[in-house]
Each structure stands twice: as C-alpha cells, then as structure tokens.
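First comes the structure, then the notes that go with it.
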Amino acid sequence: MFNKGIKREIKIEGMMCDNCAKHVKNAIESIDGVKKCSVSLKDKTAKIVSDKKINNDDIKSKVAEAGYEVTSIK
C-alpha cells in the first residue's frame, strides 16, 4: 500500500471509535498532496503517503479541526 512517496506517521490523541478514525482519515485526506492514509485506533496513529512535503502545522490544523490532537509527527 505504501510504496512510493513521502511517508509520515502521526500520533493522535482523542480517537475512541471507528467513527473517530474515519473523521481523522477524512481530515488528513483533505490535505493537498496526501495520496493515502490509514488510521489505527489501537496504535493511535495515522500513516500517510504524500506526493509532496506537507507542513506539520497543516497536518496539526486539519486534525484539530476534526476534534483531535496531534502529539507527534515522524
């Protein structure tokens, strides 16, 4: 699934259910340049692949708009 592009892992607090994960996934996928996103409730992470560099503040802002908090981005 994650073969080409810039890969990032985002730690997110506040997700409690599949609906939360869906909100986070939709928020991240709305960022220009994001090609793929998978969200894990168990690990409290979102893994993304983008075709260009995405500013950390843009990621944090979109996740915050969805009602969740980014605690780290790798």
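Between atom NZ of residue Lys60 and atom CD of residue Glu69 there is a gap of 9.5 Å, rounded to the nearest 0.5 Å. Distance NZ/Lys7 to NZ/Lys74: 15.5 Å, rounded to 0.5 Å. With values rounded to the nearest 0.5 angstrom, Thr45 atom OG1 is found 9.0 Å from Ile10 atom CD1. For the atom pair CD1 of Ile28 and CD1 of Ile54, the computed distance is 9.5 Å after rounding to the nearest 0.5 Å. One finds the CG atom of Asp32 at 10.0 Å from the NZ atom of Lys62 (value rounded to the nearest 0.5 Å). For the atom pair CD (Glu9) and CD1 (Ile48), the distance works out to 10.5 Å, reported to the nearest 0.5 Å.
Annotation for Ala27 and Ala66: closest pair CB-CB, 4.0 Å, computed over non-hydrogen atoms. In this structure, Arg8 and Ile73 approach most closely via the heavy-atom pair NH2-CG2, 3.2 Å. Scanning both residues, Gly5 and Val49, for their nearest heavy atoms gives CA-CG1, 3.9 Å. When every heavy atom of Glu13 is checked against every heavy atom of Tyr68, the shortest pair comes out as O-CB, 3.6 Å.
Around NZ of Lys35, the count of heavy atoms belonging to other residues, nucleotides or ligands within 6.0 Å exceeds 12.
In this structure, Lys44 contributes its side chain and Met15 its backbone to no donor-acceptor pair below 3.5 Å.
Residues Leu41 and Ile12 are members of one and the same hydrophobic cluster, defined by side-chain heavy-atom contacts under 4.5 angstrom among Ile, Leu, Val, Met, Phe, Trp and Tyr.
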